[in-house]
There are 2 protein chains.
Amino acid sequence: MVTKCRNCPLRTRPIFEMMTENEVIFMQSFKNGELVVDAGTTIMMEASNSPQLYTALDGMGLRYKTLLSGERQVLNFVMPGDFIGLQAGVMHEMHHSVEATTDMTLCVFDRKRLWELFRDHPERAFDLTWIAAVEEHLLGESLAILGRMSGVERIARAFVRLFDRGAAIGATQGMEMPLPYKQQDLADALGLSLVHANKMLKRLRSEGTATWRNGRLIIHDYDRLCRIARLEKDATPVARPLI
Amino acid sequence: MVTKCRNCPLRTRPIFEMMTENEVIFMQSFKNGELVVDAGTTIMMEASNSPQLYTALDGMGLRYKTLLSGERQVLNFVMPGDFIGLQAGVMHEMHHSVEATTDMTLCVFDRKRLWELFRDHPERAFDLTWIAAVEEHLLGESLAILGRMSGVERIARAFVRLFDRGAAIGATQGMEMPLPYKQQDLADALGLSLVHANKMLKRLRSEGTATWRNGRLIIHDYDRLCRIARLEKDATPVARPLI
DNA sequence: CGTTCCATTGAAGTGGTTCAAGTACTGTGG
DNA sequence: CCACAGTACTTGAACCACTTCAATGGAACG
């Protein structure tokens, strides 16, 4: 049973830009189908050139790069509403891999029709560029985190960001949310060793700031977490387009 | 004396995608003028919303973020051919600052006309998205560098990347190129302290791999540098569009 | 000719890594 | 129903890559 764009549960969330009736109709025609994958599946492979582009509809995943040494750098976490495959769409190949952490459902678009979008729907093309710019901004922020912040600070920052994203798409219940990653994933995202990440998690837990256990993140003290993460607590997130 | 797009010295470099006659004409009409700034000028300010967009024509600069603590993370280095201000163009504001390191000349575009580009020139809009995707890819690579590589490795990597970019735009003479940054800039880009960056530079110098002095980078042993940087030496860089 | 900016170097301290071992849980086959 | 194998998490201990502090040298500049 494929979700119609009209009934897309993401579309109407305030974090996403409002779509006009026509846009919904176009997106529906642009949508090719749905892909359902098991946890652990590689959705897109570095250096490959996927014929399909996706938008995550349900479930969580992660983007990562593999270094020559075999180490892995997680670039960011994929949550519902995220567009996957832009690089494959415009450049000649992907420069990172995407993997499903949980079972996932993705909207499928045909790469070849991307050009149609640019030719006939400039507003949507604009949105796509917007998405790319947001992605760039997020990576820039991550870069600053890895470059300048300590272990606990990085973890606190990751928790705040993930929680805020979760809240934006309605994945939170109170001050909790599902966070189905492994400690190794987080460590790989933050440029920390597994051991050290584990110890910093323990610190946050035992001082009563945040607990991450059994795939669930519980924030006990959001203010303190923000302070540790060196974030001001205001931050009304800006709406972004959904494709 | 303003450079005509037709005579743009960058356009014909193999690193940039070929432009059709019509595209050159359109770019010329899109170009609003030129901006010439002194070394040290801030071209774009984080959280501002510049009415203008630029393409670097001559000179070098850098993009950076300022953290709440006042520290600075350099996101990357700006060289001729780089587009500046995409975030201001599509999002509501810039998320990083851009500063001229040397005197610079920039092509100026009117932000308000960006929409025209999307509406009437889908190929160019596509190119703009492409550029955003390239930017994203570069930041992803930087993230992996900061996350997983040691001090010397980071510096070696930066040198190879900068030299390759320099070669692509014809800024190199033999195995040398001008690199007018300060050690602090490099340290801020690589997430190292100034002191440590300095010591690693000394190591590369004294083992005869690369020397960076008086704003000039000299590579004595490119192969070794690549090995240190964990890069395979092939890497024909892909052509990218110029806007 | 002092001031300022940048590069350089030494010394001390530490945040993080690596190694190594142990626990806890889950699924699988006998 | 139990043994075991596999995976994730936890913890301690030793080490070292990097940071911070502090001082010096050299070039540029008014």
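Just so it is clear, the values below take in all heavy atoms, side chains as well, and ignore hydrogens, waters and symmetry mates. Lettering of chains follows the sequences in order, A, B, ..., and the numbering in each one begins at 1. Just so you know, these numbers come straight off a predicted model, no measurement behind them.
Between Arg213(B) and dT8(C) there is a side-chain polar atom (N or O) within less than 4.0 angstrom of OP1 or OP2. The side chain of Arg203(A) places no N or O atom within less than 4.0 Å of a non-bridging phosphate oxygen (OP1 or OP2) of dT11(D).
For Asn198(A), the listed nucleotide lying nearest its side chain is dT11(D); candidates were dT8(C), dA8(D), dT11(D).
Summarising the geometry, the separation between CG on Leu194(B) and C1' on dT8(C) is reported as 9 Å, rounded to the nearest angstrom. Between Leu190(B) atom CG and dC18(D) atom C1' the separation is 14 Å, expressed in whole Å. Counting to the nearest Å, the P atom of dT11(D) and the CG atom of Leu201(A) are 11 Å from each other. Atom NZ in Lys182(A) sits about 12 Å away from atom C1' in dC9(D), given to the nearest Å. Rounded to an integer number of Å, the gap from CZ of Arg205(A) to P of dC9(D) is 11 Å.
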With 3.5 Å as the limit, what N/O pairs link the protein to nucleotides 10-13 of chain C?
| from | atom 1 | to | atom 2 | distance (Å) |
| --- | --- | --- | --- | --- |
| dG10(C) | N7 | Lys199(B) | NZ | 3.4 |
| dA11(C) | N6 | Lys199(B) | NZ | 3.4 |

Between the protein and nucleotides 14-16 of chain C, which nitrogen or oxygen pairs come in under 3.5 angstrom?
| from | atom 1 | to | atom 2 | distance (Å) |
| --- | --- | --- | --- | --- |
| dG16(C) | OP1 | Gly151(A) | N | 2.9 |
| dG16(C) | OP2 | His196(A) | NE2 | 3.1 |
| dG16(C) | O5' | His196(A) | NE2 | 3.4 |

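With sequence neighbours excluded, the residues forming a side chain to side chain donor-acceptor pair (under 3.5 Å) with Glu176(A) are Arg216(A), listed by chain and number.
Between Trp212(A) and Phe159(A), the angle of the ring planes goes over 60°, which puts this pair in the perpendicular group of the 30/60° scheme.
Exactly one residue among Glu93(B), Arg111(B), Gln87(B) makes a side-chain hydrogen bond (donor to acceptor under 3.5 Å, both in side chains) with Asn49(B). That residue is Arg111(B).
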Apply side-chain contact (heavy atoms from CB on, under 4.5 Å) to residues Phe163(A) and Met177(A) and explain how you reach the verdict.
CA-CA 7 Å; Phe163(A) 187 80; Met177(A) 75 178 281; 4.0 Å; yes

**Message:** Please evaluate residues Glu207(B) and His220(B) with respect to the criterion side-chain contact (heavy atoms from CB on, under 4.5 Å), reporting the C-alpha separation (whole Å), side-chain torsions for both, the decisive distance (0.1 Å), and the verdict.
**Reply:** CA-CA 10 Å; Glu207(B) 74 183 19; His220(B) 305 299; over 6 Å; no

Practice item. Report the C-alpha separation of His95(B) and Glu141(A) in whole Å, then their side-chain angles, then the decisive distance to 0.1 Å, and conclude whether the side-chain contact (heavy atoms from CB on, under 4.5 Å) test is met. Key: CA-CA 9 Å; His95(B) 290 261; Glu141(A) 184 175 322; over 6 Å; no

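Nearest-nucleotide mapping onto DNA chain D: of Arg148(A) and Gln183(A), the residue sitting toward the 5' end is Gln183(A).
Annotation: Met45(A), atom CE; neighbour count of heavy atoms from other residues, nucleotides and ligands within 6.0 Å does not exceed 12. Crowding of Asn7(B) atom CG: a count of heavy atoms from other residues, nucleotides or ligands under 6.0 Å exceeding 12.
Electrostatic pairing of Arg63(B) and Glu136(A) does not count as a salt bridge here, judged by no charged N lying under 4.0 Å from a carboxylate O.
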